[in-house]
Amino acid sequence: MNRKILFALLAAGVFTAVGCQNPPVTQDSPISQEQPQSTEKVFSGVVPCADCAGIETTLQLAEDGSYILGQTYLEAKSEKNTFFETGHWVRNGKKIVLSDQDGKKSYYLMKGESVVMLDINGEPIQSDFNYELDKVKPKKLAGEYRYFADSALFTECGTGKRYDAAENIDLERGYGATGVEGGTPVYVEIEGYYTLRPSMEDGLFDHAVIQTGKIRFDKAASCRTKK
């Protein structure tokens, strides 16, 4: 399926993440009326793993009842350590029930603004370890952004992790306003959050950055100088 079509389907509805009302953008990039608002709730955290350092987990719940679950097994011995699952979700009281494409179910319990992973029967996991995923909220993100040939990438300063930054006209315009040659990384501070988005490759997904508010490019700075 075309990536932009799939993105639009995921973005349908009014399930708006807290704080994603697109306040005015400062400096280089006045906010565009074309900028899509967030229509998802995202939860993230690291849950225990029997044979690795932990499972970095991101759960995205869309208003249309679809979900994306991304799990990365940290320090795993296997070369393939990141897995994605899609399907549909429903809320039953305080329980969230996920049904994947094969009909297999998994369960989470709402706890304030967070969700807690349950066992295969939908019951609390009897353990002293933490199985809670925190709700992702927009905050200031610092990194280096580059745009070249319709490809946009944001590299977070603190971790070095790379995030897809496509589908964002304000970041693209702000980058263009700096006057640098395409593909040159430019330091930027963004109000936004991280989530999952369909990859250019069918059936795969990318970790993505979503800009929801202020943008500030500074071509005289870098992640190294901001340490």
Side-chain angles (χ1 to χ4, degrees), residues 1-13 15 17 20 35-47 49 51-89 96-106 108 115 117 133-136 141 143-156 159-169 171-172 182-183 185 190 192-212:
M1 180 181 291
N2 181 275
R3 184 174 186 271
K4 292 188 176 180
I5 295 175
L6 189 51
F7 174 86
L9 290 174
L10 286 171
F15 204 140
C20 298
Q35 176 65 29
Q37 293 189 355
S38 173
T39 55
E40 63 196 15
K41 283 190 176 178
V42 184
F43 303 89
S44 181
V46 177
V47 299
C49 174
D51 55 0
C52 70
I55 306 173
E56 189 175 72
T57 303
T58 300
L59 174 62
Q60 181 216 89
L61 304 177
E63 168 65 14
D64 64 359
S66 64
Y67 76 86
I68 305 172
L69 177 67
Q71 296 178 306
T72 298
Y73 288 70
L74 304 176
E75 299 180 19
K77 296 180 180 179
S78 172
E79 289 185 8
K80 181 177 174 61
N81 66 340
T82 298
F83 301 87
F84 296 100
E85 172 186 306
T86 60
H88 288 84
W89 68 277
I96 294 172
V97 183
L98 309 182
S99 300
D100 69 14
Q101 294 180 334
D102 296 322
K104 182 181 178 181
K105 297 185 184 299
S106 53
Y108 290 83
V115 296
M117 184 185 296
L133 303 180
D134 295 325
K135 184 177 179 181
V136 173
L141 308 173
E144 293 180 352
Y145 174 94
R146 67 181 71 191
Y147 181 88
F148 182 74
D150 293 330
S151 177
L153 187 69
F154 175 83
T155 303
E156 187 178 50
T159 64
K161 290 183 178 180
R162 296 181 177 182
Y163 296 87
D164 176 55
E167 312 292 347
N168 193 302
I169 192 66
L171 279 171
E172 183 181 335
I190 306 169
Y193 67 98
Y194 300 125
T195 186
L196 299 171
R197 283 288 181 263
S199 172
M200 293 294 288
E201 300 181 54
D202 286 344
L204 297 180
F205 297 86
D206 292 322
H207 288 86
V209 62
I210 304 298
Q211 173 260 330
T212 60

Report yes if the distance between the aromatic ring centroids of F154 and Y145 is under 6.0 Å, otherwise no.
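No.
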
Can you measure from [atom1] ([X]) to [atom2] ([Y]) and round to the nearest 0.5 angstrom?
X	Y	atom1	atom2	result
T212	I210	OG1	CD1	9.0 Å
L141	Q211	CG	CD	10.5 Å
M117	L98	CE	CG	9.5 Å
C49	L74	SG	CG	8.0 Å

Is the shortest distance from a Lys or Arg side-chain nitrogen in E40 or R197 to a carboxylate oxygen in the other one below 4.0 Å?
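Yes.
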
Minimum side-chain heavy-atom gap [X]-[Y] below 4.5 Å:
X	Y	answer
C52	E75	no
V136	T195	no
K161	T155	no
L59	Y108	yes
V46	I55	no
Y147	L171	no
L133	T58	no
D206	S199	yes

So which heavy atom on L69 is nearest to which on L196, and how close?
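Between these two residues, the closest heavy atoms are C-CD1, 4.2 Å.
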
Strictly distance-based, threshold 3.5 Å: is any side-chain N or O of W89 a donor or acceptor partner for the main-chain N or O of I68?
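No, because the side chain of W89 does not come within donor-acceptor range (under 3.5 Å) of the backbone of I68.
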
Begin from the C-alpha positions of Q60 and K41 and carry the test side chain to side chain contact (heavy atoms under 4.5 Å, CB included) through to its verdict.
CA-CA 6 Å; Q60 181 216 89; K41 283 190 176 178; over 6 Å; no

Stepwise, does the side chain to side chain contact (heavy atoms under 4.5 Å, CB included) test hold for Y194 with E156?
CA-CA 11 Å; Y194 300 125; E156 187 178 50; 2.8 Å; yes

Sequence neighbours left out, what passes side chain to side chain contact (heavy atoms under 4.5 Å, CB included) with D100? Give chain and number order.
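Counting only residues at least two positions away or on another chain, D100 forms a side chain to side chain contact (heavy atoms under 4.5 Å, CB included) with Y67, E85, D102, K104.
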
Say whether Q101 and T86, considering side chains only, have a donor N or O and an acceptor N or O under 3.5 Å apart.
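There is such a pair (donor and acceptor under 3.5 Å, judged by atom type) between the side chains of Q101 and T86.
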
Distance-only donor-acceptor check, side chains Y73 and E56, under 3.5 Å:
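Looking only at side-chain atoms, E56 and Y73 do not form any donor-acceptor pair under 3.5 Å.
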
